[in-house]
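Taking it in order: structure first as structure tokens, then the write-up.
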Protein chains: 2
Amino acid sequence: MNIPSNTIDRLCKIFGQLDILGKKSIEFVSSKDLAIAIGTTEYTVRKDISLIGVTGFTRKGYEVVSLKEQLGEKLNLKTQRKACIVGLGRLGTALLDYEKFKQDGFDIVAGFDSSINKIERIHTSIDVFSVAELENVVSQCNIELGIIAVPSEHAQDIADKLVRAGVKGILNFSPVEINVNENIIYSRIDLTNALRSIAARF
Amino acid sequence: MNIPSNTIDRLCKIFGQLDILGKKSIEFVSSKDLAIAIGTTEYTVRKDISLIGVTGFTRKGYEVVSLKEQLGEKLNLKTQRKACIVGLGRLGTALLDYEKFKQDGFDIVAGFDSSINKIERIHTSIDVFSVAELENVVSQCNIELGIIAVPSEHAQDIADKLVRAGVKGILNFSPVEINVNENIIYSRIDLTNALRSIAARF
DNA sequence: AGTTATAAGTGAAAAAAATCACTAAAATCA
DNA sequence: TGATTTTAGTGATTTTTTTCACTTATAACT
Ligand SMILES: NC(=O)c1ccc[n+]([C@@H]2O[C@H](COP(=O)([O-])OP(=O)(O)OC[C@H]3O[C@@H](n4cnc5c(N)ncnc54)[C@H](O)[C@@H]3O)[C@@H](O)[C@H]2O)c1
Ligand SMILES: NC(=O)c1ccc[n+]([C@@H]2O[C@H](COP(=O)([O-])OP(=O)(O)OC[C@H]3O[C@@H](n4cnc5c(N)ncnc54)[C@H](O)[C@@H]3O)[C@@H](O)[C@H]2O)c1
């Protein structure tokens with residue numbers, strides 16, 4: 001049985017919340033509390049969790065550790081995944097240095113930029129390369145995820161390079177949609193649009 | 001008649017695309033091309049546009065300028081809106097200096113941080129203040145939108161301050177959900193979760 | 001031990017969203 | 001001019017998603 005798309009997204013959020021609860025040594029959590037934490041309803045949480053076949057305990061809720069474990073299994077979130085960032089400008093460098101990604105299972109192992117100048121000046125513990133080396137480095141290191149933070153006019157070109165190098169997924173921060181082969185998992189975060197979506201509801 | 005939530009989000013994307021097309025002096029655009037640009041189907045685009053009562057032209061598509069104009073009207077996107085950023089760390093400063101926000105109608109007029117040190121060292125054309133001044137500045141300047149880029153443990157506190165100061169909307173980049181009065185338009189972008197949502201589909 | 005309250009599980013219903021199938025209009029082409 | 005093609009408009013249908021209503025289990029309390 002295949003899991004609906006919205007459910008996958010919510011389960012990912014639940015996974016994140018379980019991680020937080022686990023660190024606080026909280027043993028059980030109710031569908032209600034999960035609902036509040038991820039911004040949905042208790043019904044939806046229960047439906048979502050039932051969909052992956054996990055059951056909770058009456059009057060106690062779901063066991064945090066075990067639910068997280070099983071979600072990790074079903075959602076492919078158990079193994080650390082290698083990622084890279086292309087475009088080391090303001091946004092790219094902010095992302096590059098964000099340690100939490102690693103704690104959460106995403107290991108940023110490389111950064112790329114077209115400006116040699118920038119590459120030389122950046123100081124970070126992560127290896128940075130010229131974009132000319134992208135295909136080599138990405139395929140050599142088995143990087144699975146590419147994060148695009150280049151100006152929009154170069155986004156498509158970078159996406160093509162990433163795909164040729166063998167990434168499985170792409171997250172695009174540039175404000176244009178790009179085309180990728182349909183076996184690549186692709187998603188875009190458009191911050192201007194996020195602001196517009198808020199303003200449109202004023 | 002009230003517009004469905006998904007439709008609002010898509011119309012915002014369409015608005016952004018129309019802006020791009022307008023700058024290229026493209027006069028007409030088909031539902032098909034809009035669909036490709038925003039990642040949906042032509043049926044959905046037509047339904048969405050029909051919902052706001054705009055009509056296109058057979059065999060030509062929609063008139064770019066006029067559709068954008070009418071969307072701007074319906075979606076409240078015609079007036080420049082003032083925004084501020086709280087938390088001038090890596091992410092906050094990246095956002096602070098992103099000129100495109102202004103071009104797109106979001107005028108970042110202030111930045112706030114709790115570290116006096118940071119405030120003094122930052123060099124940007126935008127006014128930066130101590131977070132102690134937040135409520136004063138935000139209400140004085142009639143800032144409508146607050147962008148939260150502080151560590152998660154302070155997110156709720158900052159949200160409360162923003163609400164007290166009178167913002168209408170909040171965009172939260174911290175990885176925890178916060179509670180705001182339901183008349184505040186609230187949305188959260190969780191980058192870790194965005195990566196998880198991709199990995200879960202591998 | 002019995003009662004009560006809490007919380008999951010779940011089929012059914014409702015609501016929302018997307019898609020389809022068809023119509024109509026108009027530009028283009030032969 | 002007439003045929004063809006393209007594209008919007010739209011009611012109907014289908015699919016998806018969410019919510020509801022009710023059942024069941026069990027922890028906690030008296
Ligand atoms: N800064 C923000 O807050 C922000 C917000 C929303 C969206 N974005 C988007 O994110 C992207 C990056 O934004 P930014 O503000 O960091 O821009 P920036 O100009 O600061 O950085 C862009 C970087 O990309 C590099 N680059 C250019 N072409 C390249 C190529 N072909 N290959 C590799 N690197 C290349 C540049 O050298 C530069 O370092 C843009 O698409 C922007 O629209 C940024
Ligand atoms: N950097 C990233 O790429 C990234 C990615 C995803 C999410 N985030 C989230 O965005 C937020 C900011 O991340 P960052 O990497 O920029 O962190 P950062 O530590 O670089 O910056 C945080 C800033 O907030 C300021 N601050 C702390 N408490 C404050 C308060 N009460 N009021 C005002 N300012 C305060 C600090 O002085 C600092 O300048 C965090 O919640 C983080 O989890 C960041």
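A, B, ... follow the sequence lines: proteins, then strands. Residue 1 opens every chain. Both backbone and side-chain heavy atoms feed into the values below; hydrogens, waters and symmetry mates do not.
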Main-chain N/O of A:N193 paired to A:D190 side chain as donor or acceptor, under 3.5 Å: yes
Contacting residues from residues 33-40 of chain A, given that a heavy atom lies under 4.0 angstrom of DNA chain C: none
Member of A:N172, A:N179, A:N181 meeting the side chain to side chain donor-acceptor pair (under 3.5 Å) criterion with A:Y186: A:N172
Other residues, nucleotides, ligands: >12 heavy atoms within 6.0 Å of A:K24 NZ: no
Under 3.5 Å donor-acceptor, A:E135 side chain and A:L162 backbone: no
Sidechain-backbone polar pair: B:R201 side chain, A:S5 backbone, donor-acceptor under 3.5 Å: yes
If you look only at distance, which donor and acceptor atoms sit under 3.5 Å apart when one is on a side chain in residues 141-155 of chain B and the other is two or more places apart or in another chain?
residue: B:E144; atom: OE1; partner: B:R81; partner atom: NH1; Å: 2.9
residue: B:E144; atom: OE2; partner: B:R81; partner atom: NH1; Å: 3.1
residue: B:E144; atom: OE2; partner: B:K168; partner atom: NZ; Å: 3.0

Where at least one partner belongs to residues 122-151 of chain B, residue pairs that pass ring-ring contact (aromatic ring centres under 6.0 Å, His included), sequence neighbours excluded: B:F112-B:F129
Listed once per pair and sorted, the ring-ring contact (aromatic ring centres under 6.0 Å, His included) pairs that draw on residues 19-44 of chain A, sequence neighbours left out: A:F28-A:F57
Heavy-atom contact window of chain B on DNA chain C, given 5' to 3' at under 4.0 Å: C:dA17 to C:dT28
Cationic N near anionic O, under 4.0 Å, A:K13 to A:D9: no
Nearest-nucleotide comparison on DNA chain D, the residue closer to the 5′ end among A:D48 and A:T58: A:D48
Pairing nucleotide - C:dA30, Watson-Crick or G-U, each distance under 3.5 Å: D:dT1
Range on DNA chain D touched by chain A, heavy atoms, distance below 4.0 Å: D:dT17 to D:dA28
A:E99/B:R90 ion pair, N-O < 4.0 Å: yes
Closest-nucleotide 5' rank along DNA chain D - winner of A:T7 and B:T55: B:T55
